[in-house]
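Here is how names work: the chains are called A, B, and so on, in the same order as the sequence lines, proteins then strands, and each is numbered from 1.
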Amino acid sequence: MWKYFNCLETEVNCKIVLKCGQSFRWKEDPKLPNTWYNVLYGKLWHLKQDDGKIYYKTHSDSNVSSSCTYLLKSGKFISDTEEEQFLRDYFQLDIDIPKLYEKWSNADKNFSQLKTNFCGIRMLRQDPVENLFSFICSQNNNIKRISQLVEKLCENYGNTIVESEGVTHYSFPSLKALSAPGVEEKLRQLGFGYRAKFIHASAKFIETNHGGEDWLYKLRKKSYEDAHTELVSLPGVGAKVADCVCLMSLDKTEAIPIDTHMWQIALRDYLPHLKKNKTVTDKAYREIGDFFREMYGEYAGWAHTVLFSADLKRFEDLKSSGTKSLDKRKKDMNIKKKTKKKKVK
DNA sequence: CCCTATCCTGCCT
DNA sequence: AGGCAGGATAGG
(Lines give C-alpha, C1' and ligand atoms only; values in the text may rest on other atoms or scores of the structure.)
Protein backbone atom coordinates (compact mmCIF):
# COMPACT_ATOMS: atom_id res chain seq x y z
CA MET A 1 0.00 0.00 0.00
CA TRP A 2 2.52 2.59 1.15
CA LYS A 3 5.50 3.23 -1.07
CA TYR A 4 8.55 4.97 0.28
CA PHE A 5 11.98 6.41 -0.31
CA ASN A 6 14.82 7.21 2.05
CA CYS A 7 14.89 10.74 3.41
CA LEU A 8 16.35 11.86 6.72
CA GLU A 9 14.67 14.45 8.91
CA THR A 10 17.74 16.61 8.54
CA GLU A 11 16.79 16.82 4.89
CA VAL A 12 13.04 17.27 5.32
CA ASN A 13 11.19 18.04 8.53
CA CYS A 14 7.61 17.36 7.47
CA LYS A 15 6.14 18.36 10.79
CA ILE A 16 7.34 21.92 10.30
CA VAL A 17 7.58 22.20 6.53
CA LEU A 18 3.96 21.19 5.89
CA LYS A 19 2.52 23.42 8.60
CA CYS A 20 4.64 26.57 8.67
CA GLY A 21 2.46 28.71 6.44
CA GLN A 22 3.99 27.99 3.04
CA SER A 23 1.08 25.83 2.08
CA PHE A 24 -2.34 25.93 3.70
CA ARG A 25 -3.93 22.64 2.71
CA TRP A 26 -1.84 19.95 4.41
CA LYS A 27 -3.79 18.39 7.26
CA GLU A 28 -2.46 16.03 9.86
CA ASP A 29 -4.53 12.87 10.13
CA PRO A 30 -5.85 12.74 13.72
CA LYS A 31 -5.98 8.95 13.63
CA LEU A 32 -2.51 8.49 12.19
CA PRO A 33 0.07 10.68 13.92
CA ASN A 34 2.86 12.05 11.76
CA THR A 35 0.70 11.48 8.72
CA TRP A 36 -0.60 14.26 6.47
CA TYR A 37 -2.92 14.49 3.51
CA ASN A 38 -3.60 17.02 0.79
CA VAL A 39 -4.76 17.20 -2.79
CA LEU A 40 -2.03 18.01 -5.28
CA TYR A 41 -2.25 17.92 -9.04
CA GLY A 42 -5.41 15.89 -9.30
CA LYS A 43 -4.63 13.31 -6.65
CA LEU A 44 -5.18 12.90 -2.95
CA TRP A 45 -1.81 12.32 -1.33
CA HIS A 46 -1.01 10.78 2.04
CA LEU A 47 2.47 11.31 3.45
CA LYS A 48 4.10 9.77 6.48
CA GLN A 49 7.58 10.43 7.78
CA ASP A 50 9.16 7.81 9.98
CA ASP A 51 12.42 6.00 10.50
CA GLY A 52 14.43 7.93 7.93
CA LYS A 53 11.86 7.40 5.21
CA ILE A 54 9.02 9.25 3.57
CA TYR A 55 6.06 7.00 2.86
CA TYR A 56 3.40 8.02 0.37
CA LYS A 57 0.24 6.83 -1.32
CA THR A 58 -2.30 8.45 -3.62
CA HIS A 59 -5.96 8.18 -4.58
CA SER A 60 -7.99 9.59 -7.41
CA ASP A 61 -11.45 8.70 -8.65
CA SER A 62 -11.52 10.78 -11.76
CA ASN A 63 -8.95 11.35 -14.43
CA VAL A 64 -8.51 14.97 -13.45
CA SER A 65 -4.81 14.34 -13.12
CA SER A 66 -4.47 13.96 -16.86
CA SER A 67 -5.79 17.48 -17.36
CA CYS A 68 -3.67 19.18 -14.73
CA THR A 69 -1.15 21.64 -15.97
CA TYR A 70 1.69 20.71 -13.69
CA LEU A 71 5.10 20.13 -15.16
CA LEU A 72 8.06 18.58 -13.43
CA LYS A 73 11.36 20.42 -13.73
CA SER A 74 12.23 17.83 -16.34
CA GLY A 75 9.31 19.15 -18.38
CA LYS A 76 7.21 15.99 -18.03
CA PHE A 77 3.66 15.61 -16.76
CA ILE A 78 3.18 13.52 -13.68
CA SER A 79 1.83 9.99 -14.09
CA ASP A 80 1.24 7.12 -11.67
CA THR A 81 4.70 5.75 -12.21
CA GLU A 82 6.30 9.11 -11.55
CA GLU A 83 4.96 9.79 -8.10
CA GLU A 84 8.30 9.48 -6.38
CA GLN A 85 9.82 11.80 -8.93
CA PHE A 86 6.99 14.22 -8.29
CA LEU A 87 7.59 14.20 -4.54
CA ARG A 88 11.31 14.70 -5.01
CA ASP A 89 10.47 17.67 -7.18
CA TYR A 90 7.84 18.99 -4.74
CA PHE A 91 10.27 18.77 -1.82
CA GLN A 92 13.16 19.90 -4.02
CA LEU A 93 15.34 17.09 -2.73
CA ASP A 94 18.12 17.91 -5.15
CA ILE A 95 18.91 20.82 -2.84
CA ASP A 96 21.31 19.83 -0.07
CA ILE A 97 19.79 21.44 3.02
CA PRO A 98 22.38 20.38 5.64
CA LYS A 99 25.06 21.88 3.45
CA LEU A 100 23.14 25.16 3.15
CA TYR A 101 22.56 25.19 6.92
CA GLU A 102 26.30 24.94 7.33
CA LYS A 103 26.84 27.90 5.05
CA TRP A 104 24.16 30.04 6.71
CA SER A 105 25.52 29.19 10.16
CA ASN A 106 28.96 30.40 9.19
CA ALA A 107 27.46 33.63 7.90
CA ASP A 108 25.13 34.26 10.84
CA LYS A 109 25.76 33.48 14.50
CA ASN A 110 22.06 33.81 15.20
CA PHE A 111 21.24 31.17 12.61
CA SER A 112 23.75 28.71 14.02
CA GLN A 113 21.77 28.62 17.25
CA LEU A 114 18.68 27.42 15.44
CA LYS A 115 20.12 24.72 13.32
CA THR A 116 19.89 21.83 15.74
CA ASN A 117 16.32 22.44 16.91
CA PHE A 118 14.99 23.41 13.50
CA CYS A 119 16.63 21.11 11.02
CA GLY A 120 15.24 20.07 7.67
CA ILE A 121 13.25 23.20 6.91
CA ARG A 122 13.05 23.72 3.18
CA MET A 123 10.87 25.29 0.53
CA LEU A 124 8.16 23.28 -1.13
CA ARG A 125 7.91 23.75 -4.87
CA GLN A 126 4.24 24.64 -5.08
CA ASP A 127 1.79 25.25 -7.86
CA PRO A 128 1.83 28.97 -8.76
CA VAL A 129 -1.96 29.25 -9.09
CA GLU A 130 -2.67 27.81 -5.67
CA ASN A 131 0.24 29.73 -4.21
CA LEU A 132 -0.83 33.08 -5.64
CA PHE A 133 -4.48 32.92 -4.64
CA SER A 134 -3.74 31.48 -1.21
CA PHE A 135 -1.52 34.45 -0.47
CA ILE A 136 -4.03 36.96 -1.80
CA CYS A 137 -6.25 35.46 0.92
CA SER A 138 -3.48 35.88 3.48
CA GLN A 139 -3.57 39.63 3.83
CA ASN A 140 -4.67 40.78 7.27
CA ASN A 141 -5.27 37.19 8.31
CA ASN A 142 -3.82 34.39 10.40
CA ILE A 143 -2.91 30.88 9.29
CA LYS A 144 -6.07 29.38 10.69
CA ARG A 145 -8.41 31.64 8.77
CA ILE A 146 -6.30 31.56 5.63
CA SER A 147 -6.65 27.78 5.67
CA GLN A 148 -10.40 28.08 6.07
CA LEU A 149 -10.69 30.51 3.18
CA VAL A 150 -8.51 28.39 0.91
CA GLU A 151 -10.64 25.38 1.70
CA LYS A 152 -13.76 27.35 0.78
CA LEU A 153 -12.20 28.23 -2.55
CA CYS A 154 -11.63 24.54 -3.23
CA GLU A 155 -15.08 23.42 -2.09
CA ASN A 156 -16.83 25.98 -4.24
CA TYR A 157 -14.64 26.21 -7.32
CA GLY A 158 -12.42 23.13 -7.37
CA ASN A 159 -13.11 19.68 -8.81
CA THR A 160 -14.02 16.64 -6.75
CA ILE A 161 -10.97 14.42 -6.67
CA VAL A 162 -12.01 11.62 -4.35
CA GLU A 163 -14.53 10.86 -1.63
CA SER A 164 -13.32 8.76 1.26
CA GLU A 165 -14.89 8.10 4.63
CA GLY A 166 -17.60 10.64 3.97
CA VAL A 167 -15.16 13.42 3.18
CA THR A 168 -14.94 14.97 -0.24
CA HIS A 169 -11.52 16.10 -1.36
CA TYR A 170 -11.32 18.91 -3.90
CA SER A 171 -8.62 20.24 -6.15
CA PHE A 172 -7.58 23.86 -6.03
CA PRO A 173 -9.67 25.82 -8.54
CA SER A 174 -8.43 26.73 -11.97
CA LEU A 175 -7.89 30.30 -13.06
CA LYS A 176 -10.87 29.96 -15.35
CA ALA A 177 -13.16 28.95 -12.50
CA LEU A 178 -12.08 31.95 -10.43
CA SER A 179 -12.53 34.40 -13.28
CA ALA A 180 -16.12 33.34 -14.03
CA PRO A 181 -18.90 35.92 -13.60
CA GLY A 182 -20.34 36.23 -10.10
CA VAL A 183 -17.30 34.94 -8.26
CA GLU A 184 -16.72 38.15 -6.32
CA GLU A 185 -20.27 38.28 -4.99
CA LYS A 186 -20.19 34.61 -4.05
CA LEU A 187 -16.86 34.95 -2.25
CA ARG A 188 -18.09 37.95 -0.33
CA GLN A 189 -21.04 35.90 0.74
CA LEU A 190 -18.63 33.19 1.88
CA GLY A 191 -16.77 35.63 4.12
CA PHE A 192 -13.73 36.62 2.07
CA GLY A 193 -14.38 40.31 2.69
CA TYR A 194 -12.53 42.74 0.46
CA ARG A 195 -10.24 39.94 -0.72
CA ALA A 196 -13.13 38.65 -2.85
CA LYS A 197 -12.61 41.45 -5.34
CA PHE A 198 -8.85 40.86 -5.55
CA ILE A 199 -9.24 37.13 -6.18
CA HIS A 200 -11.71 37.56 -8.97
CA ALA A 201 -9.93 40.56 -10.48
CA SER A 202 -6.51 38.89 -10.46
CA ALA A 203 -7.87 35.72 -12.05
CA LYS A 204 -9.63 37.73 -14.71
CA PHE A 205 -6.61 39.95 -15.26
CA ILE A 206 -4.38 36.95 -15.97
CA GLU A 207 -6.99 35.37 -18.22
CA THR A 208 -7.64 38.44 -20.35
CA ASN A 209 -4.25 40.17 -20.35
CA HIS A 210 -1.91 37.20 -20.30
CA GLY A 211 -3.97 34.41 -21.81
CA GLY A 212 -4.24 32.10 -18.83
CA GLU A 213 -2.23 30.27 -16.21
CA ASP A 214 0.52 29.32 -18.60
CA TRP A 215 1.78 32.88 -18.12
CA LEU A 216 2.26 32.19 -14.41
CA TYR A 217 4.26 29.03 -15.09
CA LYS A 218 6.44 30.88 -17.54
CA LEU A 219 7.49 33.31 -14.81
CA ARG A 220 9.64 30.43 -13.56
CA LYS A 221 11.91 31.04 -16.50
CA LYS A 222 12.21 34.79 -15.90
CA SER A 223 14.55 36.57 -13.52
CA TYR A 224 13.47 37.30 -9.95
CA GLU A 225 13.21 41.02 -10.68
CA ASP A 226 11.10 40.50 -13.80
CA ALA A 227 8.78 37.97 -12.17
CA HIS A 228 8.31 40.27 -9.16
CA THR A 229 7.50 43.25 -11.37
CA GLU A 230 4.94 41.22 -13.30
CA LEU A 231 3.25 39.92 -10.16
CA VAL A 232 2.80 43.27 -8.43
CA SER A 233 0.83 44.44 -11.45
CA LEU A 234 -1.97 42.10 -10.35
CA PRO A 235 -4.78 43.55 -8.24
CA GLY A 236 -4.32 42.73 -4.56
CA VAL A 237 -0.69 41.74 -5.01
CA GLY A 238 1.96 43.90 -3.34
CA ALA A 239 5.64 43.32 -2.72
CA LYS A 240 5.10 40.80 0.06
CA VAL A 241 2.66 38.52 -1.75
CA ALA A 242 4.75 38.77 -4.91
CA ASP A 243 7.79 37.61 -2.96
CA CYS A 244 5.84 34.71 -1.48
CA VAL A 245 4.91 33.54 -4.96
CA CYS A 246 8.42 34.09 -6.31
CA LEU A 247 9.93 32.07 -3.48
CA MET A 248 7.37 29.32 -3.04
CA SER A 249 6.34 28.44 -6.56
CA LEU A 250 8.49 30.28 -9.09
CA ASP A 251 11.94 28.96 -8.12
CA LYS A 252 13.25 32.37 -7.01
CA THR A 253 15.44 31.24 -4.12
CA GLU A 254 16.59 34.77 -3.31
CA ALA A 255 13.08 36.21 -2.81
CA ILE A 256 12.39 37.21 0.80
CA PRO A 257 8.83 38.08 1.83
CA ILE A 258 8.85 40.62 4.65
CA ASP A 259 5.67 40.24 6.67
CA THR A 260 5.09 41.52 10.18
CA HIS A 261 6.90 38.49 11.64
CA MET A 262 10.02 39.01 9.55
CA TRP A 263 9.81 42.71 10.26
CA GLN A 264 9.90 41.99 14.00
CA ILE A 265 12.77 39.54 13.60
CA ALA A 266 14.76 42.04 11.55
CA LEU A 267 14.25 44.84 14.08
CA ARG A 268 15.06 42.62 17.03
CA ASP A 269 18.07 40.70 15.76
CA TYR A 270 19.59 42.37 12.72
CA LEU A 271 18.64 45.93 11.85
CA PRO A 272 17.73 47.75 15.09
CA HIS A 273 18.11 51.15 13.47
CA LEU A 274 14.84 50.47 11.62
CA LYS A 275 12.98 50.70 14.93
CA LYS A 276 12.54 54.38 14.19
CA ASN A 277 10.19 53.45 11.34
CA LYS A 278 6.48 53.49 11.95
CA THR A 279 5.57 51.18 9.11
CA VAL A 280 7.29 48.98 6.56
CA THR A 281 8.06 51.40 3.77
CA ASP A 282 9.15 50.23 0.34
CA LYS A 283 12.63 51.40 1.14
CA ALA A 284 12.87 49.50 4.42
CA TYR A 285 11.34 46.47 2.73
CA ARG A 286 14.14 46.42 0.19
CA GLU A 287 16.79 47.14 2.78
CA ILE A 288 15.80 44.10 4.83
CA GLY A 289 15.64 41.83 1.81
CA ASP A 290 19.00 43.04 0.54
CA PHE A 291 20.53 42.60 3.99
CA PHE A 292 19.52 38.95 4.17
CA ARG A 293 20.49 38.32 0.56
CA GLU A 294 23.91 39.76 1.22
CA MET A 295 24.36 37.64 4.35
CA TYR A 296 22.94 34.31 3.19
CA GLY A 297 23.60 34.36 -0.54
CA GLU A 298 21.78 32.67 -3.38
CA TYR A 299 19.33 30.71 -1.23
CA ALA A 300 18.54 33.58 1.15
CA GLY A 301 14.82 33.03 0.77
CA TRP A 302 15.21 29.49 2.03
CA ALA A 303 17.20 30.68 5.02
CA HIS A 304 14.50 33.22 5.79
CA THR A 305 11.98 30.39 6.06
CA VAL A 306 14.08 28.76 8.77
CA LEU A 307 14.13 31.98 10.78
CA PHE A 308 10.45 32.44 10.18
CA SER A 309 9.45 28.89 11.12
CA ALA A 310 11.54 28.95 14.26
CA ASP A 311 9.84 32.15 15.38
CA LEU A 312 6.41 30.82 14.49
CA LYS A 313 7.04 27.59 16.37
CA ARG A 314 8.14 29.44 19.47
CA PHE A 315 5.00 31.50 19.33
CA GLU A 316 2.76 28.45 18.96
CA ASP A 317 4.54 26.67 21.80
CA LEU A 318 3.89 29.67 24.00
CA LYS A 319 0.25 29.60 23.01
CA SER A 320 -0.24 25.91 23.75
CA SER A 321 1.66 26.05 27.03
CA GLY A 322 -1.09 28.18 28.57
CA THR A 323 -2.65 31.58 28.33
CA LYS A 324 -0.32 33.01 30.94
CA SER A 325 2.68 33.15 28.68
CA LEU A 326 0.59 34.34 25.76
CA ASP A 327 -0.74 37.23 27.80
CA LYS A 328 2.74 37.99 28.89
CA ARG A 329 3.98 38.13 25.33
CA LYS A 330 1.06 40.30 24.29
CA LYS A 331 1.72 42.65 27.17
CA ASP A 332 5.35 42.86 26.17
CA MET A 333 4.31 43.82 22.67
CA ASN A 334 1.94 46.49 23.91
CA ILE A 335 4.59 47.99 26.10
CA LYS A 336 6.98 48.12 23.21
CA LYS A 337 4.41 49.87 21.08
CA LYS A 338 3.75 52.47 23.74
CA THR A 339 7.39 53.24 24.39
CA LYS A 340 7.95 53.49 20.67
CA LYS A 341 5.20 56.04 20.33
CA LYS A 342 6.64 58.09 23.17
CA LYS A 343 10.04 58.18 21.55
CA VAL A 344 8.54 59.43 18.33
CA LYS A 345 6.67 62.19 20.10
C1' DC B 1 9.32 59.25 -0.30
C1' DC B 2 6.58 58.63 4.10
C1' DC B 3 2.30 58.41 6.46
C1' DT B 4 -2.66 57.40 7.29
C1' DA B 5 -7.18 55.59 6.69
C1' DT B 6 -9.82 52.13 4.82
C1' DC B 7 -11.06 47.66 3.44
C1' DC B 8 -14.10 42.66 5.69
C1' DT B 9 -14.46 39.04 8.75
C1' DG B 10 -13.83 35.67 12.38
C1' DC B 11 -11.61 34.68 16.35
C1' DC B 12 -9.90 36.15 20.42
C1' DT B 13 -10.02 38.42 24.98
C1' DA C 1 -17.80 45.10 22.39
C1' DG C 2 -13.49 46.00 20.84
C1' DG C 3 -8.90 44.63 19.33
C1' DC C 4 -6.46 42.60 15.93
C1' DA C 5 -4.44 39.55 12.33
C1' DG C 6 1.53 36.54 8.23
C1' DG C 7 -1.40 43.54 3.49
C1' DA C 8 -2.85 46.42 -0.51
C1' DT C 9 -4.30 50.69 -2.11
C1' DA C 10 -5.48 55.47 -2.69
C1' DG C 11 -4.62 59.94 -1.34
C1' DG C 12 -2.40 63.65 1.23
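Residue A:Asn142 contributes atom CG, which lies 10 Å from atom P of C:dG7 at whole-angstrom precision. Atom pair A:Phe198:CZ and C:dG7:P shows a separation of 13 Å (rounding to whole Å applied). Taking atom CG on A:Leu307 and atom C1' on C:dG6, their separation rounds to 15 Å, with Å as the unit. Distance, A:Leu132 CG to C:dG7 P: 16 Å, rounded to whole Å. Between A:Ile146 atom CD1 and B:dC8 atom P there is a gap of 18 Å when expressed in whole angstrom units. Counting to the nearest Å, the P atom of C:dG7 and the CD1 atom of A:Ile199 are 15 Å from each other. Distance A:Leu187 CG to B:dC7 C1': 16 Å, rounded to the nearest Å. Rounded to an integer number of Å, the gap from CD1 of A:Ile136 to C1' of B:dT9 is 18 Å.
The aromatic ring centres of A:Phe205 and A:Phe198 sit 6.0 Å or more apart. Ring centroids of A:Tyr157 and A:Tyr170 are separated by 6.0 Å or more, keeping the two rings apart.
Which of C:dG6, B:dC8, C:dA5 sits closest to the side chain of A:Asn141 comes down to C:dA5. With distances taken from any side-chain atom of A:Thr279 to the nucleotides C:dA8, B:dC8, B:dC3, the minimum falls on B:dC3. In this structure, the nucleotide among B:dG10, B:dC2, C:dG6 sitting nearest to the side chain of A:Asp259 is C:dG6. Checking C:dA8, B:dC7, C:dG6 against every side-chain atom of A:Phe135, the shortest atom distance belongs to C:dG6.
The base-pairing partner of B:dC8, taking Watson-Crick or G-U wobble contacts with both distances under 3.5 Å, does not exist among the strands shown.
Side-chain N/O atoms of A:Lys278 include one lying less than 4.0 angstrom from OP1 or OP2 on B:dT4. Contact annotation: A:Lys144 reaches the phosphate of B:dC12 (side-chain N/O to OP1 or OP2, under 4.0 Å). Phosphate contact (OP1/OP2 of B:dC8, side-chain N/O of A:Gln139, threshold under 4.0 Å): absent. Between A:Arg195 and B:dC8 there is no side-chain polar atom (N or O) within less than 4.0 angstrom of OP1 or OP2. Side-chain nitrogen and oxygen atoms of A:Thr281 include at least one within less than 4.0 Å of the OP1 or OP2 phosphate oxygen of B:dC2.
Of the residues near DNA chain C, A:Leu234 and A:Ser138, the one whose nearest nucleotide (by heavy atom distance) lies more toward the 5' end is A:Ser138.
A:Phe192 comes within contact range of no nucleotide atom at all, as no heavy-atom separation falls under 4.0 Å. If you check every strand for non-hydrogen atoms under 4.0 Å, A:Ile265 touches nothing. A:Cys20 comes within contact range of at least one nucleobase, with a heavy-atom separation under 4.0 Å. No contact: A:Pro257 has no heavy atom under 4.0 Å from any strand. Residue contacts shown for A:Gly191 are limited to sugar-phosphate atoms, with no base heavy atom under 4.0 Å away. The residue A:Val280 sits apart from the nucleic acid: no heavy atom pair falls under 4.0 Å.
Across all their heavy atoms, A:Ile256 and A:Asp243 have their closest contact at O-OD2, 3.5 Å.
The separation of C:dG6 from B:dT13, taken at their P atoms, amounts to 14 Å, rounded to a whole angstrom. With both ends at atom P, the span from C:dA1 to B:dC8 equals 24 Å, rounded to whole Å.
A donor-acceptor pair is defined here as one N or O able to donate and one able to accept, closer than 3.5 Å; such a pair exists between the side chain of A:Glu213 and the backbone of A:Leu175.
One finds a salt bridge joining A:Arg88 and A:Glu84 here, because a Lys/Arg side-chain nitrogen approaches an Asp/Glu carboxylate oxygen to under 4.0 Å. Salt-bridge check for A:Lys218 with A:Glu230: failed, with every basic side-chain N at 4.0 Å or more from each acidic carboxylate O.
With A:Asp251 as the partner, the side chain to side chain donor-acceptor pair (under 3.5 Å) test is satisfied by one option alone out of A:Lys222, A:Arg125, A:Lys221: A:Arg125.
Not a single donor-acceptor pair, N or O on each side, falls under 3.5 Å between the base of C:dG7 and the side chain of A:Tyr285.
The aromatic ring of A:Tyr194 sits over the base of B:dC7, with ring centres less than 5.5 Å apart and planes tilted by under 30°.
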